[in-house]
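Reading through the structure tokens given below for one structure.
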2 protein chains.
Amino acid sequence: MITSRDVARLAGVSQPTVSRALRDDPKVSEATKQRVREAATALGYAPNAIGRALSVGRSTRVGLVVTDLENQFYAHVIAPMHQELERLGHELVLITESSEAAPVAEHVLAHGLCGVVLATTTVDSVLPTRLRDRGVPFVYFNRTALAVPADSVTVDPERGVRDLLADVVGQGHRRIGAIFGPRNTSTGEQREQVVRAVLDEYGIALAHRDVRHGPFDFRAGHEGAHALLDGDDPPTAVLCANDVVALGALNAAAELGVAVPGDVSVAGFDDLPTSSWALVRLSTVAYDLDAMSREAARLLVRRVDDPHAEPVRAVYPTRYIARATVAAPRA
Amino acid sequence: MITSRDVARLAGVSQPTVSRALRDDPKVSEATKQRVREAATALGYAPNAIGRALSVGRSTRVGLVVTDLENQFYAHVIAPMHQELERLGHELVLITESSEAAPVAEHVLAHGLCGVVLATTTVDSVLPTRLRDRGVPFVYFNRTALAVPADSVTVDPERGVRDLLADVVGQGHRRIGAIFGPRNTSTGEQREQVVRAVLDEYGIALAHRDVRHGPFDFRAGHEGAHALLDGDDPPTAVLCANDVVALGALNAAAELGVAVPGDVSVAGFDDLPTSSWALVRLSTVAYDLDAMSREAARLLVRRVDDPHAEPVRAVYPTRYIARATVAAPRA
DNA sequence: ACGGCCACTGTATGCGTATGCACGACCAGG
DNA sequence: CCTGGTCGTGCATACGCATACAGTGGCCGT
């Protein structure tokens, strides 16, 4: 391995001067910088991140805390976030939040991560508290747990859901069912509230038997839709917690021979690429997940550089995209 | 941060003794180990991975080199691999192979990764050579570049493709088209060869105009199928490089109003979860991607521990899964 | 001409852990 | 009683980089 010492020897300076020169310290003369840079490129020197991390007390690695790596949704979070972090000179390491929060917090410290993005926070998680107590910078992504304030990047479902429901109700649906997300997630809770509030404006209430709750995964949508649609008097429309859930529901409908949107309308939330497939054509609520992921990366890096900056709460707007899974109920 | 020195003070021993005791060095007496362990848990001490990495010259972080993080396929690689690595006490960091190979190799050294998994090698990539020259342990996953020998985990398409083609040909297809993968990937090349060889046994040759080549992504399948199916005399079956490509093809068919399998049969390779959706029901060639991903993780860790171990080449068998996208051509 | 300041560079040290080596204690054998 | 060995522990140091601090030399002002 080529070290700064090797570069120093070649450039005829001391090791600290190499360190300073390459980091563009103004206290080093231009001439020296030039020589050092030449020596560095001649040797193919690259600073050792481990050494630097040990020295400065923190690394350039940020963790992304996620529970369900197989979930399609996160692929579209990881990719842009990773790209943005790379652009900023940081690395992405994946962390799955296995049951206990303590391991995650310890993990962060022990491995010298400079900060973490929490993408699957539950409102009752102790992880944010732990991180705050240990002084680990973090940002909420998508979901939050506002008891512990921090930078956050979230979505405002209002506009999109309002327009979605305008379409659904406008088409004539009155018996509306829903497969909501977990109550202990801010996104699940918030979307449910908005749906109920807007429907209330139309004088529509969700029947208890038409409502399901479950995780944000395919299975929840699949099982939920089976339960909702298999009876003798199913709702004419099913609102889903997100697109992945909606995909589960669409497939359940297909299995049951229930036509979409002929027999039942289905709507999602997220507008994943899959949702625009010709085989799917899911009517859903869209927002800029890509931009959000990048912003989360930037916010975290900013936070790491300046731990006392005022927390920013970025909120992304939503819009309804009418495709082919919402239509008028059968007469 | 709590260091081994703090533990040493509390336990009344020296710092090196703490280091040895916690790593279960036989040269430390049981009594001392006991005291050290107690002190460590009392303080909530966790060894600092950075310090250790600097000291031993390598870390416990392994890189996964991938080009297309959005690709569904890799979600099903990353999840199990990550889990297995975690089990083995390692971390996963994502690396995207941006154009040049040099950056990746340097990156690995600079960030002290203990090894990498190459999941998107091309046969003409210089990365394997670079890694070998720099002594960085690595394993090939899925694809290989055999010019540079190393551990590898791959798939043997033979059995699955043979059975698939038996079905396709048995159903009566003679005009068969294909959207193959890139020629500079071992998987693309190998699958194409097997397909051609087996078809040859049936006395069938692929017409030049019925063959497309492209990356292993949705778009390639989508555009390829548009090209193949939009003419006045399309093939009656389209073999796809993998499931993601097949999904692109299925959607293109849907857009064109071409019925599957009524007007055209479509087959894939991989058997991703999506392929078994009721909306998709893709006939495809399956293998145990989950087990492969885990094995790659284990092999890499083994290689890191013993750089001179004999390279192992794990090859996974395939089997054909007939679902609903392959049927007899229209009379 | 000399004090003082600025610009630059080198020296020394620290970050947390691992490890070669030396040392002391203790025991057995001669 | 001394020698030689073993066992357990501490000491010193290394890993690669960053940084506080201590110089060194030159230049300017008086």
Rounded interatomic separation in angstrom, taking CZ from B/R9 and P from D/dT9:
19 Å
Would you mind checking if A/E84 and A/R87 are paired as a salt bridge, meaning a charged N to carboxylate O distance below 4.0 Å?
yes
Give a yes or no on whether a salt bridge exists between B/D151 and B/R313, defined as a side-chain N under 4.0 angstrom from a carboxylate O.
no
Gap between atoms NZ and P, on A/K27 and C/dC6 respectively (whole Å)
14 Å
On the nucleotide C/dG10, are OP1 or OP2 found under 4.0 Å from the side-chain N or O atoms that A/S14 carries?
yes
Please determine if B/E30 and B/R37 form a salt bridge, counting it only when a charged side-chain N lies under 4.0 Å from a carboxylate O.
yes
Is the shortest side-chain N/O distance from B/S19 to OP1 or OP2 of C/dA18 below 4.0 Å?
yes
If you measure from the Lys or Arg side-chain nitrogens to the Asp or Glu carboxylate oxygens, is any gap between A/R134 and A/E106 under 4.0 Å?
yes
B/R5 CZ to C/dC15 P, in whole Å, measures 8 Å
In whole angstrom, what separates A/I2's CD1 from D/dG16's P?
11 Å
Take atom CD of A/Q34 and atom P of C/dC8, then tell me their distance rounded to the nearest Å.
15 Å
Salt bridge A/R9-A/D6, side-chain N to carboxylate O under 4.0 Å:
yes
Output yes when at least one side-chain N/O atom of B/S4 is less than 4.0 Å from OP1 or OP2 of C/dT17, else no.
yes
If only side-chain N and O atoms of A/S29 are considered, is one of them under 4.0 Å from the OP1 or OP2 phosphate oxygen of C/dT9?
yes
If you compare every side-chain N and O of A/R52 against the phosphate oxygens of D/dG16 (OP1, OP2), does one of them come in below 4.0 Å?
no
Take atom CZ of B/R20 and atom C1' of C/dT17, then tell me their distance rounded to the nearest Å.
12 Å
Which nucleotide, C/dT9, D/dC17, D/dA18, lies nearest any side-chain atom of A/Y45?
D/dC17
Nearest-neighbour nucleotide for the A/T17 side chain, D/dG16, C/dG10, C/dT17 considered:
C/dG10
Contact class for A/V13 (heavy atom, under 4.0 Å): base, sugar-phosphate, or nothing?
sugar-phosphate
Counting side-chain heavy atoms from C-beta on, which of D/dC17, D/dT9, D/dT19 comes nearest to A/N48?
D/dC17
Could you state the atom-to-atom distance from CG of A/D25 to P of D/dC17 in whole Å?
16 Å
From the set C/dG16, D/dC11, C/dT9, return the single nucleotide nearest to any side-chain atom of A/L54.
C/dG16
Nucleotide of D/dG16, D/dG8, D/dT19 approaching B/T32 most closely (side-chain heavy atoms)
D/dG8
Whether B/R23 contacts C/dA18 is assessed here as follows: a side-chain N or O lying under 4.0 Å from the phosphate OP1 or OP2. Is that the case?
yes
Of A/Q15 and B/M1, whose nearest nucleotide on DNA chain C comes first from the 5' end?
A/Q15
